[in-house]
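Just so it is clear: chains get the letters A, B, ... in the order the sequence lines come, proteins before strands, and each one is counted from 1.
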2 protein chains.
Amino acid sequence: VRSFILVGQTAVGSPDFSLDDLPGSSGRLDILLRALQSALLISHGLRRDTLAYLVLLGTPGCPSVVRVDGRVAEFLRPDERSLGGRIKNALGWKSIRQDFSEDRQGIAVARGGIELAIADLEGSTPFVLEEAGVDVRAAELTAEHPTFFVGDHLGFDRGTRERIERLGATAISVGPIRLHADQAIVVLHNELDRREPLCATTTPQ
Amino acid sequence: VRSFILVGQTAVGSPDFSLDDLPGSSGRLDILLRALQSALLISHGLRRDTLAYLVLLGTPGCPSVVRVDGRVAEFLRPDERSLGGRIKNALGWKSIRQDFSEDRQGIAVARGGIELAIADLEGSTPFVLEEAGVDVRAAELTAEHPTFFVGDHLGFDRGTRERIERLGATAISVGPIRLHADQAIVVLHNELDRREPLCATTTPQ
């Protein structure tokens with residue numbers, strides 16, 4: 001299983017944004033939506049071996065984490081508006097708690113910050129996407145359950161960076177040109193896909 | 001210079017679609033928009049060495065080609081709705097002709113099909129993204145001006161495929177798992193970025 005923790009410093013943890021203006025109204029949730037797309041979706045299907053966590057730290061609204069579990073999620077479409085609608089809907093559920101107990105069809109929401117995702121992935125091997133990291137093609141990536149921390153357009157705030165460092169995450173870079181988060185995830189997946197035998201877990205939705 | 005010819009079999013060549021429902025109203029122009037994003041945009045900037053052609057063959061509307069020239073384009077934002085708005089706007093210009101004479105700030109539109117893009121790129125070296133192609137990591141990619149043909153969710157129609165073959169295009173594949181067009185472009189760019197010295201042409205917008 002591969003996991004991605006997508007940290008949105010300004011992305012709102014409430015459904016109070018407009019699908020007609022995602023960049024302007026959601027604190028750049030659009031960046032995380034594109035990252036979610038590249039983490040989970042492939043041609044005519046879903047990556048059934050991948051989980052993505054959207055860590056939404058912006059205001060207004062409480063910090064929230066949305067977990068999308070590629071192993072069981074259904075009906076995810078790749079366009080931003082559709083994915084945004086799914087996340088907006090989930091953030092509006094009534095009984096969201098401080099754990100992932102509120103889980104419907106592979107989408108779960110909890111109130112809280114990055115610690116929720118870290119706790120949920122206990123025992124996994126942490127990596128972080130960073131320009132100064134080891135090139136992904138040279139990196140040791142044999143962990144059975146790798147977790148990749150990915151920042152947004154602002155990178156990571158200091159507290160988050162320190163937390164990731166304390167976890168002992170290995171820094172990985174994806175190439176000579178600085179890419180968007182979604183693009184970096186594509187390069188990373190491609191490297192992992194090449195190292196693993198073609199897995200039968202990438203089934204159509 | 002790198003060029004991408006993105007062929008949309010069903011994507012409409014008129015502005016008669018809704019930004020509120022790109023997948024449902026535009027003949028899946030959303031697929032080409034994501035491909036455009038990954039072809040031209042990088043973190044905090046544009047690829048100043050790249051051109052993208054959106055070949056829009058769907059109905060209603062006449063077949064049209066939109067050329068986005070990364071060398072001179074400005075104010076491109078990565079979200080689908082914003083890119084879709086730019087393309088919709090361009091498709092509505094009054095005096096579009098059968099050449100790219102209608103060109104504003106790096107976005108040009110012409111009425112016609114794939115031949116327009118092919119003629120515009122005369123002298124370039126053709127490649128085509130295909131599952132059965134040579135792995136991109138092993139491919140000969142030294143052409144000074146490579147042009148990459150990329151299909152949509154339906155692949156290429158027979159006529160287009162035959163035309164690309166007649167050009168003598170080299171088929172390139174990007175890995176063991178079948179990816180979306182935008183994802184395949186990211187992998188391809190990454191390979192090219194690694195082979196070329198870090199270029200100074202990727203300047204901020």
Under a 4.5 Å cutoff for heavy-atom pairs, which residue among A/Ser38, A/Ala184, A/Pro78, A/Ala181 has the most contacts with chain B? A/Pro78
Rounded to the nearest 0.5 angstrom, the CG-CG distance for B/Asn190 and A/Leu179 is 6.5 Å
Contact residues of residues 22-34 of chain B (partner chain A; heavy-atom separation under 4.5 angstrom): B/Pro23, B/Arg28, B/Asp30, B/Arg34
Looking at every non-hydrogen atom in both residues, tell me the closest pair between B/Val174 and A/Arg194 and how far apart they are. O-NH2, 3.0 Å
Keeping A/Gln183 on the side-chain end and B/Leu41 on the backbone end, is there a donor-acceptor pair under 3.5 Å? yes
Within 6.0 angstrom of A/Arg158 CZ, more than 12 heavy atoms from elsewhere: no
How about residues 53-68 of chain A versus chain B: which residues have heavy atoms under 4.5 Å apart? none
What pair of heavy atoms forms the shortest contact from A/Ile42 to B/Ile177, and how long is it? CD1-CG2, 3.9 Å
Check whether any side-chain heavy atom of B/Leu19 sits under 4.5 Å from a side-chain heavy atom of A/Arg81, and report yes or no. no
Interatomic spacing from CZ in B/Arg178 to NE2 in A/His44 - rounded to 0.5 Å: 4.5 Å
Quick check: under 4.5 Å, non-hydrogen atoms only, which of residues 129-156 of chain B neighbour chain A? B/Asp135, B/Val136, B/Arg137, B/His153
Set of salt bridge (Lys or Arg N to Asp or Glu O under 4.0 Å) partners for A/Arg166, sequence neighbours left out: none
